[in-house]
Structure formats: C-alpha cells, structure tokens
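Both counts, for ligands and for their atoms, begin at 1 and track the order of listing.
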Amino acid sequence: MEDKTAIDLGLNLKQRIKQVLGSSLHIRHVDAGSCNGCDFEMMALCNPIYDIQRFGVDFVASPRHADMLMVTGGVTRNLEIALKKTYSAAAAPKMVVAVGSCACGGGVVGQSYANMGGVDKIVPVYVYVPGCPPRPSALIEGIMLALDRLESYSNREVAATRE
Ligand code: SF4
C-alpha cells in the first residue's frame with residue numbers, strides 16, 4: 001500500500017520543481033564524514049515508499065550535473081578538500097542542503113582536530129535539516145525550502161535589475 005503522506009509531499013515537490021526550475025532537479029550526494037545514518041535516510045527517498053524519482057528528482061554522479069548538493073557529516077578534515085572541490089565544480093545555483101545534525105553544526109561529533117563542526121564552516125549552506133538522522137519526509141521539506149530560497153533570490157535579482 002502506498003503512503004498517502006509521502007505521495008502528497010512528492011506531488012508538492014513536483015509542483016515546486018516545475019515552478020522554480022521548469023523540469024527536474026538533479027542532486028549530488030556528498031558524504032563529508034557521516035556515520036552513514038543520514039545517508040541511509042537520504043537513500044530511502046528512492047525506496048518504493050517515497051520513490052522520489054517519479055516526482056522529477058534524480059541523484060547524479062557528478063557535481064557538474066547537479067542543481068543541488070546534499071551534504072551529510074560534520075566535514076572531517078580528510079574530506080574538507082573534497083567538499084570544497086565538489087562545491088566549486090557544481091553548476092549554479094549551487095544549492096547546498098546540510099543533512100543531519102552533524103552537517104548542521106557538528107552534532108554528536110562536534111568540532112575537533114579531526115572534524116570541522118558543520119558544512120557551513122567550509123561552503124555556504126542554503127538550508128539546514130537537523131535530526132540524527134532526519135526522516136526522508138524532512139529531507140523533502142528541506143529540498144522544497146531550498147527551492148523557495150532560490151526563487152526568492154532570483155526574484156530579488158530580477159527586482160534589482162529593474163531599479
Ligand atoms: S546526524 Fe546522526 S545519523 Fe547523521 S551523520 Fe551525524 S551521527 Fe550519523
């Protein structure tokens with residue numbers, strides 16, 4: 001049996017993607033040192049309950065093909081350079097969603113000689129989705145919030161060109 005809440009969320013997401021991006025949303029997942037809990041929840045977006053691909057979302061292998069980076073983990077020192085390179089390779093608008101408490105601010109790992117203490121210490125973040133780990137439905141809400149942000153930034157840019 002299908003989960004009605006998941007379908008309703010997905011339909012809202014599909015509508016927002018169409019309104020803001022026109023067709024589809026491509027996401028690159030970046031594991032910057034998570035315990036894998038957040039990654040499993042993110043991958044659950046593709047399971048038969050959420051089946052997010054039917055709503056116009058795909059996970060891609062290259063940041064060059066991505067509209068959005070979803071980053072898990074508090075950014076270990078060993079992955080700091082990888083995250084910077086991935087961000088610089090990503091296509092505009094470079095929407096970054098920090099997934100999970102570690103990515104949002106260090107979480108249970110905190111900040112130390114080995115861990116930076118959050119994604120925004122390294123790259124700009126559009127949206128923070130807390131939780132240890134956050135549920136897939138919270139991730140969908142986070143993606144929609146990032147689309148809202150993108151839309152409001154775009155509207156501001158258009159308004160500025162008219163001034
Ligand atoms: S927020 Fe929790 S589940 Fe996610 S990477 Fe950190 S410890 Fe793991």
Worksheet entry | Joint cluster assignment, Ile17 & Val97, ILVMFWY side-chain distance < 4.5 Å | yes
Fill in: Residues Asp67, Lys94: salt bridge by 4.0 Å N-O rule
no
Worksheet item: What residue and atom, counting heavy atoms only, is the protein's closest point to atom 2 (Fe) of ligand 1, and at what distance?
Response: Cys132 SG, 2.4 Å
Worksheet, complete the sentence: for atom 4 (Fe) of ligand 1, nearest protein heavy atom and its distance come out as Cys38 SG, 2.3 Å
Worksheet item: Are Asn115 and Thr76 linked by a side-chain donor-acceptor pair shorter than 3.5 Å?
Response: no
Work out whether the distance between some heavy atom of [X] and some atom of ligand 1 is less than 4.0 Å.
X	answer
Ser101	yes
Gly131	yes
Thr72	no

Worksheet entry | Whether Cys102 has an N, O or S atom under 2.8 Å from atom 6 (Fe) of ligand 1 | yes
Worksheet item: Counting only heavy atoms not in Lys14, do more than 12 fall under 6.0 Å of its NZ?
Response: no
Discussion item. So for atom CZ, which belongs to Arg135, do other residues, nucleotides or ligands contribute more than 12 heavy atoms lying within a distance under 6.0 Å?
Written reply: no
Worksheet item: Is a side-chain donor or acceptor of Arg28 paired with a backbone partner of Thr86 at a separation under 3.5 angstrom?
Response: no
Discussion item. Strictly distance-based, threshold 3.5 Å: is any side-chain N or O of Asp8 a donor or acceptor partner for the main-chain N or O of Thr5?
Written reply: no
Fill in: Winner among Cys35, Ala32, Gly100, Cys104 once heavy atoms are compared against atom 3 (S) of ligand 1
Cys35
Worksheet item: Is it the side chain, the backbone, both or neither of Val108 that has a heavy atom closer than 4.0 Å to ligand 1?
Response: side chain
Response to the item:
For Ser34, the ligand 1 atoms with a heavy-atom partner under 4.0 Å come out as 5 (S)
